[in-house]
Amino acid sequence: MKNLNGIFSALLVSFNADGTVNEKGLRQIVRHNIDKMKVDGLYVGGSTGENFMLSTEEKKEIFRIAKDEAKDEIALIAQVGSVNLKEAVELGKYATELGYDCLSAVTPFYYKFSFPEIKHFYNTIIEATGNRMIVYSIPFLTGVNIGVAQFGELYENEKIIGVKFTAGDFYLLERLKKAYPNHLIWAGFDEMMLPAAVLGVDGAIGSTFNVNGIRARQIFEKAQAGQIQEALEIQHVTNDLIEGILGNGLYLTIKELLKLEGVDAGYCREPMTKELTEAQIAVAKELKAKYL
Ligand code: HMN
């Protein structure tokens, strides 16, 4: 069973212009993360993977290709969450059979599910797959907020090992670490990695690690070693880069930065805008020259 601590890239997916998965490009992104970014693992099928716009078969294809390329070199987490619980179970079984080290599932969204319904959702996937599970909490996109006591109820299922915490609520983060010290927390906002690391998170899962993974590790490890001022300097540079990326279009700009590294990162999947304008490409080039 692989260690799940450390730096995990939320894997980007390369798409062809017609929206199909670009297998060669996807393999290159996996390799870039392993060989150049030196990540501890990959989070496959997350928001960054444009997952919620894909069919079940496409999601499976991506799980298969990522695992086939990474083999057992690093830890792999499969995000299988969906408002369609049957799909989540099917994907969870598939990823588990492929050998993914752990599953993760976004809290079911769109409808206002009750907490017992959310708990049932997780327990159903776990029972069907037997795999470990990380709750993917991203309230700013899902509208779903889970409190300290509710996490305790979820953690009654010993297969739920922690939470991917994509929120800026550091009070909740601190309360969770204090209340459940044996459960893991992965920071989900790359621009807030330092405060999360100071509060004792066990790892981080982020989109920008696909291109800025080395600095991300430095921030994380320096914070753990108590070198806060040095970590802050690196967070400042990181956030200059992230500010530039967010202002220019998040996933397309990271893809452009990968292309500038020779990685065939492809297009985004519609209804997202498929490609950058010439002006945006010029901004990406500036970011690359300045920060990478
Ligand atoms: C995923 O599910 O793909 C990632 O774990 C999501 C990750 O938390 C990213 N969040 C989103 O893209 C919504 C962050 O890395 C984020 O992109 C970054 O901090 C810039 O805001």
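Values below: every heavy atom of this structure, side chains too, minus hydrogens, waters and symmetry copies. Read the numbers this way: they start at 1 and go in the same order the structure lists the ligands and their atoms.
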Original post:
Side chains of Lys178 and Glu174: closer than 4.5 Å at any heavy-atom pair?
Top reply: yes
Subject >> Residue pairs involving residues 185-202 (criterion salt bridge (Lys or Arg N to Asp or Glu O under 4.0 Å); sequence neighbours excluded) >> reply: Lys177-Asp202
**OP:** Keeping to residues at least two apart or across chains, list the ring pair (Phe, Tyr, Trp, His ring centres under 6.0 Å) pairs with something in residues 44-96.
**Re:** Phe52-Phe109, Phe63-Tyr100
Original post:
What do you reckon, is NZ of Lys290 surrounded by more than 12 foreign heavy atoms closer than 6.0 Å?
Top reply: no
Subject >> Those residues that, when tested against Glu156, pass salt bridge (charged side-chain N to carboxylate O under 4.0 Å, His left out) (two or more places apart) >> reply: Lys119
Where does ligand 1 get N/O contacts under 3.5 Å from the protein, atom by atom?
residue, atom, partner, partner atom, Å
ligand 1, 2 (O), Ser47, N, 2.9
ligand 1, 2 (O), Ser47, OG, 3.3
ligand 1, 2 (O), Tyr136, OH, 2.7
ligand 1, 3 (O), Ser47, N, 3.0
ligand 1, 3 (O), Thr48, N, 2.7
ligand 1, 3 (O), Thr48, OG1, 2.7
ligand 1, 5 (O), Lys164, NZ, 2.5
ligand 1, 8 (O), Lys164, NZ, 3.1
ligand 1, 8 (O), Thr166, OG1, 3.3
ligand 1, 8 (O), Gly188, O, 2.5
ligand 1, 12 (O), Tyr251, OH, 2.8
ligand 1, 15 (O), Asp190, OD1, 2.9
ligand 1, 15 (O), Asp190, OD2, 3.1
ligand 1, 15 (O), Ser207, N, 2.8
ligand 1, 15 (O), Ser207, OG, 3.2
ligand 1, 17 (O), Ser207, OG, 2.7
ligand 1, 19 (O), Asp190, N, 2.9
ligand 1, 19 (O), Asp190, OD1, 3.3
ligand 1, 19 (O), Glu191, OE1, 2.5
ligand 1, 21 (O), Glu191, OE1, 3.4
ligand 1, 21 (O), Glu191, OE2, 2.7

Original post:
Picking from Glu230, Glu233, Gln235, Gln229, what satisfies side chain to side chain donor-acceptor pair (under 3.5 Å) with Lys222?
Top reply: Glu230
